[in-house]
2 protein chains.
Amino acid sequence: MSTKKVTVKDIARQAGLSIGTVDRVMHNRSGVAEESRRKVMEAMEELGYTLNTNASLLANKKHYHICCLLPSFGSGEYWELVDKAIESAEKDAVSYNISIDTLTYDQFSREDFVAAIEKLKANLPQAVIIAPIYRDETIELSRYLKEKGIPLVFIDSKVSEADYLAYYGIPMWESGYLAASLLLGDEPPQSIVNFRIERGGGIADNPTLARRHGFTDYVASNLPELRIYNEFLRPYDKAHNFALMDKFFGEHPDIRHIVTFNSRVHLIADYIRERGIKGLRLVGFDILDQNIEAVRSGVVKYLIVQRTQVQLRRGVNALAEWLAFGTTPPLRDNFMPMDILIKENINFYSEMYKDH
Amino acid sequence: MSTKKVTVKDIARQAGLSIGTVDRVMHNRSGVAEESRRKVMEAMEELGYTLNTNASLLANKKHYHICCLLPSFGSGEYWELVDKAIESAEKDAVSYNISIDTLTYDQFSREDFVAAIEKLKANLPQAVIIAPIYRDETIELSRYLKEKGIPLVFIDSKVSEADYLAYYGIPMWESGYLAASLLLGDEPPQSIVNFRIERGGGIADNPTLARRHGFTDYVASNLPELRIYNEFLRPYDKAHNFALMDKFFGEHPDIRHIVTFNSRVHLIADYIRERGIKGLRLVGFDILDQNIEAVRSGVVKYLIVQRTQVQLRRGVNALAEWLAFGTTPPLRDNFMPMDILIKENINFYSEMYKDH
DNA sequence: TCTTATTTCGTGTACGTACACGAAGATTTC
DNA sequence: GAAATCTTCGTGTACGTACACGAAATAAGA
């Protein structure tokens, strides 16, 4: 087995043609006779040509622009993690001559989502990454992009009916099912409470809906007698939340199992800590700093977490390869692991997020 | 902020010198006046130079050779996972002109380890990756390599007293502690059993020792009354193992909690399945195919798993950057996450291992 | 037949870095 | 003070690919 790498020059010699012709064949450009094209293809096959990505990227003078659309966020919130992951992924993409711009929208306002899409269109990006919340508008956007030949990658959640290059994220339904098995698997209680977030306007296509379905499906098939209470918190109204929880737990002192499907389990953890309540079993999602603290202190028993960094790295990478080499990712739907964090393994998990 | 990238040519112009001189400064080569060196450094600082890795790698005609030393393995065994991870990491390293050779040794024979080290030395590699089992011999090897200027990376476990460039693996002690909390955290039993592997020769410096210490330390501080039985299985002697377990469970029908610290929990899972025993709680390590099956079927409750692929990718990457650019990894000891797998999240975990 | 399109292909340059070679200049030696 | 040595630096070429430009070769039009 020869250790030397096969280059276009070798292909050209083998095919009895010039480098230029080989190059044209490789890039599916016009101006090459069918006979020559065949010769080149055969030579490539025979010699086992592989592209030298370093040389290719070096010679490629184009500059690509990716536009990323996701919900706006405050400090310490879930979407900030995603934003950081984008920055991290952008670093890996510099060798592709790629830069990434992020646009945000108010996730509670459909109008704002539409406005953000218009901004995105005005930006004329070569590729788009989107964390979708609104189904119909996302489908329409995907049609627009398809028409323009602009590739679209979904992260975090996807809209199956849309036209997209790839999706990287956890399986939503299964993540709810997992939460149920962690919360209810050992000693099933009689009733539990699900703390949700108050949303303005009837947003039926919220991704955490699928997660709740996974949870309730587990309950339906394993614990049909279980009673699930639903209570609604407000993201930024601590007084309201505390009053609500005081009332709830006052009326239901027997309830010891709590679940949230959004990333704000720390709202409840804070309450439990301040009130000094013991013996509750709490399951939540996403690796926010405040959630990490809640796990460390033992208030939250299980935290279900997705690998945001990996998802974005792979999403950006899929677009980079598409832009630079025209290659399509092997899988369209990439369901990524759901990690279970408890007090004893959370430290080494969060440490990893510091560099890679 | 100028979007153009700064090149050596820009540095040369700014410093009033030639590209050659700039190049010499960058590679710490001789033949440049102190005055000029200073000018170049200043220009680099001022313009914010960053190396174009594509161009650098393309121009670098050297070919590097990494030698990887790890225990020999049969099909479906733990070290086969590591071997596969090496192959996967090698693919990422082709752009660095790096190839990897793997040497294996009988992990139960110190002599064979020494012999493998001699073979490694004869190979004259530019870098070494090792999964160490024998402490003293590893330290000696690290001295030899240090003297030759050959970098050494530990994976899987490390020998702290050795001289090494970096380590990528899980924290062994903590992984045992985690196992204890998963097995014993909810309803502590009176006694449990730890199935171990019979080893020839008194190998005290086996890495799983630290794992067992983590487990027993948890027990000592949380459940000092707990009785731990130790039983010894043989890797390839099913009849012996079954007889042993028949005898053990016959004499101790009350024991329902089982732990293993090696990767062979499937030996016990097979027994449990064949005997049709119910109600046991089993915790094991490592994502072997047979272990995955044991989790799926519900026999093994928790499987603690490390990200072998990531560990090797990062290990190889650290060496690649050292060889090609002379850069040292930011952290020497990289403790990587311990993942907890149960029936409800193992599918999407193992799926990930197919491509990336 | 000569010009004008059209197809097909080869040559040359660029990308940014690495390094060999050799030319100036500075320093030493006798 | 000339030759020899050493220090310091600039030039040139190579890495493998991308693409513009223009040259042949062929076909079409008059």
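A, B, ... follow the sequence lines: proteins, then strands. Residue 1 opens every chain. Small disclaimer: the values here were computed from a predicted structure and weren't measured.
Under the 30°/60° scheme for interplanar angles, the aromatic rings of A:Y167 and A:F335 are found to stand perpendicular.
Mapping heavy-atom proximity under 4.0 Å, the span of DNA chain C touched by chain B runs 5' to 3' from C:dG16 to C:dC19.
Considering only residues two or more places apart in sequence or on other chains, B:K146 meets the side chain to side chain contact (heavy atoms under 4.5 Å, CB included) condition with B:D163. Scored by the side chain to side chain contact (heavy atoms under 4.5 Å, CB included) test, A:R13 finds A:D10 as partners (sequence neighbours excluded). Listed by chain and residue number, A:Y168, A:P329 satisfy the side chain to side chain contact (heavy atoms under 4.5 Å, CB included) test with A:A318 (two or more places apart in sequence, or in another chain).
Looking at residues 320-329 of chain A, you'll see that no heavy atom sits under 4.0 Å from any atom of DNA chain C. Within residues 12-41 of chain A, the residues having any heavy atom under 4.0 Å from DNA chain C are, by residue number, A:L17, A:S18, A:G20, A:T21, A:R24, A:G31, A:V32, A:A33, A:S36.
In the model, A:D83 has no side-chain atom that pairs as donor or acceptor with a side-chain atom of A:Y78 under 3.5 Å. For the residue pair A:N97 and B:K5, a side-chain donor N or O sits within less than 3.5 Å of a side-chain acceptor on the partner.
Atom CD of A:E140 has 12 or fewer heavy atoms from other residues, nucleotides or ligands within 6.0 Å.
Nearest heavy-atom pair, A:I155 versus A:P132, reported as atom, atom and distance to 0.1 Å: O-CD, 3.8 Å.
Once rounded to the nearest 0.5 Å, the distance linking CZ of B:F113 with CG of B:L69 reads 5.5 Å.
The closest donor-acceptor contact from the side chain of B:E90 to the backbone of B:I100 lies under 3.5 Å.
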